[in-house]
Amino acid sequence: MPRPPRSRKLANPPLMAGFKPFGMPLCESRSVKLQFDEYESFHLVNYKNLQQDEAAGQMGVSRPTFTRIYNRALKKIAKAFAECSSIAIEGGNVEFNKHWYKCRKCFKLIDGLENHTKCKNCPSFNEDELIMLEEINQSIY
C-alpha cells in the first residue's frame, strides 16, 4: 500500500480560476482540470525559469515527483489547446505558505486578513465577503 502523498507547498495561488479559448462560449467548451500543484510547477519552470530541482525544493517534493507533476501539467495544457477546451485551476493536495483569501464579489486575492482593504468595485467592506482559499481547496480535494 503506497504512503499518502505529502502536501505540495505553494507560495502564491494563481490570480485566476482558469482560462477559456478565445472566440468560444464557455458553455460550449469542455474543461480540463489543472490542479494547483500542476499550475505551480508550470509557473516555476516556464515563467520563473527555475531548474526542476530548484522548483522541486520550493514545492517541498523530490525531483522525480516534481517531474511527474510537471509532465501532467504539460499534458493537460496541451490537451486543452488541441481540443479547444477551457482550463479550470482548482484542487490538489497543496498547502500555501500563508493564509490566502479571495473576495466573493470581485475575486481579488488577499494575503492575510491584516492586508484586507476595501476592494475598488465592492459596495461593502467586511470580512464576510472573504473566503479562505484553503477551505475552497479542501472542499474540492
Side-chain angles (χ1 to χ4, degrees), residues 1-122 124-141:
M1 180 163 152
R3 67 181 175 87
R6 291 191 322 201
S7 295
R8 284 77 161 107
K9 294 182 175 101
L10 272 67
N12 302 315
L15 297 175
M16 68 295 187
F19 291 94
K20 78 173 199 75
F22 182 73
M24 297 276 297
L26 188 59
C27 61
E28 290 182 15
S29 71
R30 291 178 300 279
S31 183
V32 172
K33 304 268 189 256
L34 189 69
Q35 293 185 339
F36 283 130
D37 58 346
E38 295 165 343
Y39 165 83
E40 182 73 357
S41 69
F42 187 80
H43 175 78
L44 291 172
V45 170
N46 295 306
Y47 183 73
K48 293 200 170 182
N49 296 320
L50 295 180
Q51 296 295 317
Q52 286 192 11
D53 54 344
E54 295 173 297
Q58 280 196 14
M59 288 181 64
V61 297
S62 69
R63 168 79 192 305
T65 298
F66 180 86
T67 301
R68 285 191 297 276
I69 294 167
Y70 179 69
N71 287 337
R72 275 197 320 263
L74 289 179
K75 284 185 180 191
K76 289 179 180 182
I77 292 168
K79 179 180 180 177
F81 279 160
E83 297 178 0
C84 217
S85 300
S86 60
I87 299 173
I89 304 170
E90 60 185 26
N93 190 11
V94 298
E95 72 181 44
F96 298 104
N97 63 353
K98 48 186 154 180
H99 295 296
W100 285 90
Y101 296 85
K102 188 173 265 198
C103 178
R104 294 177 198 264
K105 296 178 179 130
C106 70
F107 305 109
K108 179 177 97 174
L109 283 173
I110 300 148
D111 61 340
L113 288 176
E114 65 278 1
N115 296 320
H116 183 216
T117 58
K118 185 175 184 321
C119 302
K120 200 183 304 184
N121 297 321
C122 290
S124 63
F125 174 66
N126 58 43
E127 291 181 14
D128 294 338
E129 67 192 17
L130 302 178
I131 185 164
M132 186 184 273
L133 281 185
E134 287 91 348
E135 291 173 7
I136 297 171
N137 191 42
Q138 288 172 358
S139 66
I140 293 171
Y141 189 71

*What pairs with K33 under side-chain contact (heavy atoms from CB on, under 4.5 Å), at least two apart in sequence or on another chain?*
S31, A88, E90
*Within-4.5 Å side-chain heavy-atom neighbours: E83 and R30*: yes
*Any side-chain heavy atom of I87 within less than 4.5 Å of one from K76?*
no
*asked:* Quick check for you: to the nearest 0.5 Å, what is the distance between S86 atom OG and L34 atom CG?
replied: 11.5 Å
*Not counting sequence neighbours, list each pair that qualifies as a salt bridge (charged side-chain N to carboxylate O under 4.0 Å, His left out) and has a residue in residues 46-74.*
E38-R72
*Do T65 and M59 touch side chain to side chain, with heavy atoms closer than 4.5 Å?*
no
*Would you list the pairs meeting ring pair (Phe, Tyr, Trp, His ring centres under 6.0 Å) in which at least one residue belongs to residues 40-72, sequence neighbours left out?*
Y39-H43, H43-Y47
_For the CG atom of L44 and the CG atom of L10, what is their distance to the nearest 0.5 Å?_
8.0 Å
_Distance (rounded to the nearest 0.5 Å) between N46 CG and S41 OG_ = 8.5 Å
